[in-house]
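Numbering of residues begins at 1 and proceeds along the displayed sequence. Heavy-atom basis, side chains included; hydrogens, waters and symmetry copies ignored. As the structure is a prediction and not an experimental result, all values here were calculated from the model.
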Amino acid sequence: MSGASIAAEVNAALAEVARDVGTGSFQVTLLEPAAQPLNPWDAPAGAPTQHLVNAMISDYPQSQIDGTLIQQGDKRLMLSATGAIPKVNWRVIANGVNYAIMMVREYQPSGVALYVECQLRA
């Protein structure tokens, strides 16, 4: 099985999570900021680009919350690597809450990104 087909399987599994657990939609909106102007006094050019992606959000286990890197209330976001790959300066809207992305980690054991994990903070 190729890396691309595994990534597609991860995407399909994330799309089915809501049906299996019965707790609603597991799609989030990634907000890619507009391009920054060359001059800092100029306004950004346009509105953020929105990307709707399949994802799963969970809390961090208490054992991983150190109060510095991972704080109480931070969320772990797992999303498919078949769509837009967020960056730290992007934002995420999930369940009506607007989160900042604190960390992004791509899992690509064979050189092909299978899924992405992000740390979110409200």
Side-chain angles (χ1 to χ4, degrees):
M1 185 177 271
S2 73
S5 62
I6 293 171
E9 289 286 328
V10 169
N11 186 45
L14 287 171
E16 292 180 20
V17 167
R19 179 182 54 83
D20 293 343
V21 238
T23 57
S25 174
F26 282 85
Q27 289 189 328
V28 299
T29 302
L30 299 175
L31 296 175
E32 179 182 358
Q36 293 298 313
L38 295 176
N39 298 316
W41 53 84
D42 291 336
T49 303
Q50 296 185 11
H51 305 275
L52 187 64
V53 296
N54 295 322
M56 184 174 70
I57 296 178
S58 63
D59 293 319
Y60 279 94
Q62 195 62 40
S63 61
Q64 291 184 349
I65 297 172
D66 64 3
T68 304
L69 294 176
I70 300 175
Q71 298 179 7
Q72 193 71 36
D74 284 1
K75 302 288 184 187
R76 178 184 284 167
L77 174 75
M78 178 182 163
L79 56 100
S80 169
T82 59
I85 306 296
K87 296 184 177 34
V88 171
N89 64 332
W90 291 26
R91 302 214 40 107
V92 174
I93 298 175
N95 299 322
V97 179
N98 193 320
Y99 294 98
I101 298 178
M102 306 306 293
M103 179 274 306
V104 176
R105 181 179 302 143
E106 282 186 68
Y107 288 88
Q108 46 185 347
S110 62
V112 175
L114 302 179
Y115 68 95
V116 178
E117 181 182 322
C118 301
Q119 177 185 351
L120 306 180
R121 186 168 294 154

Main-chain N/O of Ala81 paired with Glu106 side-chain donor or acceptor, under 3.5 Å: no

For Arg91, salt bridge (charged side-chain N to carboxylate O under 4.0 Å, His left out) partners two or more places apart: none

Where at least one partner belongs to residues 52-64, residue pairs that pass salt bridge (charged side-chain N to carboxylate O under 4.0 Å, His left out), sequence neighbours excluded: Asp59-Lys75

Residues forming a side chain to side chain contact (heavy atoms under 4.5 Å, CB included) with Ala122, sequence neighbours excluded: Val97, Tyr99

Results of side-chain hydrogen bond (donor to acceptor under 3.5 Å, both in side chains) for Asn39 - residues two or more places apart only: Asp42

Which donor-acceptor pairs under 3.5 Å do side chains of residues 44-58 form with protein atoms, sequence neighbours excluded?
unit_1	atom_1	unit_2	atom_2	d
His51	NE2	Glu32	OE1	2.8
Asn54	OD1	Gln27	NE2	3.2
Asn54	ND2	Asn11	OD1	3.0

Any side-chain heavy-atom pair of Gln119 and Leu69 under 4.5 Å: no

Approximate separation, where rounding is to 0.5 Å, of Asn89 CG and Leu31 CG: 11.5 Å

Any pair counted as ring-ring contact (aromatic ring centres under 6.0 Å, His included), so long as it reaches residues 63-86, sequence neighbours left out: none

Exercise: identify the closest heavy-atom pair between Ala94 and Val28: CB-CG1, 3.6 Å

ring-ring contact (aromatic ring centres under 6.0 Å, His included) contacts in which one or both residues fall within residues 63-87, not counting sequence neighbours: none

Under the side-chain hydrogen bond (donor to acceptor under 3.5 Å, both in side chains) test, residues paired with Tyr107 that sit two or more places apart: Arg105, Glu117

Spatial distance of atom OH (Tyr60) from atom CG (Asp74) [nearest 0.5 Å]: 6.5 Å

Nearest non-hydrogen partners of Leu30 and Ala84, listed with the distance: CD1-O, 3.8 Å

From OG (Ser80) to CD1 (Ile85), nearest 0.5 Å: 7.5 Å

Spatial distance of atom CD1 (Ile70) from atom CD (Gln62) [nearest 0.5 Å]: 11.0 Å

Exercise: identify the closest heavy-atom pair between Thr68 and Arg121: O-NH2, 4.1 Å

With sequence neighbours excluded, residues passing side-chain hydrogen bond (donor to acceptor under 3.5 Å, both in side chains) with Gln108: none

Pairs where residues 69-88 contributes a residue and the test ring-ring contact (aromatic ring centres under 6.0 Å, His included) is met, not counting sequence neighbours: none

Which residues share a side chain to side chain contact (heavy atoms under 4.5 Å, CB included) with Val112, sequence neighbours left out: Ser110

Separation of Asn98 CG from Leu120 CG (nearest 0.5 Å): 10.0 Å

Non-hydrogen atoms of Val104 and Cys118 that approach each other most closely: CG2-SG, 4.0 Å

Pairing residues for Gln71 by the side-chain hydrogen bond (donor to acceptor under 3.5 Å, both in side chains) criterion, not counting sequence neighbours: none

